[in-house]
Amino acid sequence: MQAEGKRKKGDLLIILVVLIIGVGTAVPWLWNQLNPGGGNGEHERIAVITRDGKEVARINLDKVTEPQHFHYEGGIALTIVAENGKIRFLESQCPDQICVKTGSLSKPGDFAACLPAGTIVTIEGDEYE
């Protein structure tokens, strides 16, 4: 019978396997967090603005170098701003301001909507999180 606190060779093997699996999982995730475009331009992030069901703008967020403002009138007026790698509702005349409070969108699959204004912003891309 073994005394408590002593490890068997099998215990060390299990610990080693768990560490290898953990590192193998963490490294690709960390790489994607630090290089969202993959570094080679293959995974572009495209912001799509739709208003009343019609696409009104398509912006490649990876190519925006200076802030671009999109102002829409008619019904509820609002302004959307695209900056390097992100887009957000800057201001809206809607009563609840949920769209403005949503903040910046930057990852494929992100979206924000101003329902009273009938405006939706989505980020398209290859890598959904």
Side-chain angles (χ1 to χ4, degrees):
M1 182 174 220
Q2 269 190 337
E4 289 185 41
K6 291 193 177 184
R7 293 192 177 119
K8 299 179 190 176
K9 289 182 182 180
D11 293 343
L12 293 176
L13 182 63
I14 291 172
I15 291 170
L16 183 62
V17 169
V18 169
L19 284 173
I20 290 171
I21 291 171
V23 169
T25 303
V27 168
W29 176 84
L30 184 59
W31 180 259
N32 285 334
Q33 294 301 311
L34 297 174
N35 300 300
N40 56 12
E42 288 182 15
H43 306 291
E44 294 180 334
R45 294 172 294 163
I46 308 295
V48 179
I49 302 172
T50 56
R51 188 152 166 98
D52 298 323
K54 297 176 187 171
E55 185 177 308
V56 294
R58 184 172 279 269
I59 306 107
N60 185 335
L61 295 177
D62 297 317
K63 294 184 179 178
V64 174
T65 56
E66 295 183 17
Q68 298 177 10
H69 292 79
F70 301 88
H71 188 73
Y72 298 101
E73 299 281 335
I76 295 177
L78 56 82
T79 301
I80 297 169
V81 63
E83 298 171 307
N84 186 13
K86 59 188 176 181
I87 191 166
R88 65 186 173 98
F89 282 89
L90 182 62
E91 55 186 27
S92 177
Q93 293 180 350
C94 66
D96 54 17
Q97 298 290 299
I98 292 173
C99 56
V100 175
K101 294 174 186 173
T102 299
S104 295
L105 311 174
S106 62
K107 298 176 185 169
D110 284 354
F111 72 94
C114 183
L115 295 180
T119 305
I120 301 171
V121 178
T122 57
I123 308 294
E124 294 180 351
D126 294 335
E127 298 178 16
Y128 287 86
E129 296 198 14

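Along the sequence shown, the residues carry numbers beginning at 1.
- The CZ atom of R58 sits 8.0 Å away from the OG1 atom of T122 when rounded to the nearest 0.5 Å.
- When every heavy atom of I123 is checked against every heavy atom of R45, the shortest pair comes out as CG2-CB, 4.1 Å.
- Grouped with L90 in one hydrophobic cluster are V81, the linkage being side-chain heavy-atom contacts under 4.5 Å among Ile, Leu, Val, Met, Phe, Trp and Tyr residues.
- Scanning for salt bridge (Lys or Arg N to Asp or Glu O under 4.0 Å) contacts around E73 gives an empty result, with sequence neighbours left out.
- Rounding to the nearest 0.5 Å gives a distance of 8.5 Å between CG of N84 and CG of L61.
- With a 4.5 Å cut-off on side-chain heavy atoms, F89 and T102 do not count as touching.
- When the shell of 6.0 Å around CD of E55 is examined, it contains more than 12 heavy atoms from other residues, nucleotides or ligands.
- Of the possible polar contacts, one joining the Q97 side chain to the S92 backbone as a donor-acceptor pair under 3.5 Å is found.
- Across all non-hydrogen atoms, the minimal contact from A82 to I59 is CB-CG2, 4.3 Å.
- Minimum heavy-atom separation, G74 to R51: O-NH2, 2.7 Å.
- Between the SG atom in C99 and the CZ atom in R88 there is a gap of 11.5 Å [rounded to 0.5 Å].
- The minimum heavy-atom distance between I87 and A47, with the atom names listed, is CD1-CB, 3.8 Å.
- Residues A112 and L105 approach most closely at N-CD1, 3.7 Å, considering heavy atoms.
- Scanning both residues, G85 and S106, for their nearest heavy atoms gives O-CB, 3.3 Å.
- A heavy-atom distance below 4.5 Å is not found between the side chains of L78 and C94.
- Within the 4.5 Å cutoff, the side chain of I80 has heavy atoms near those of the T119 side chain.
- Looking only at side-chain heavy atoms (C-beta outward), I49 and Y72 come within less than 4.5 Å of each other.
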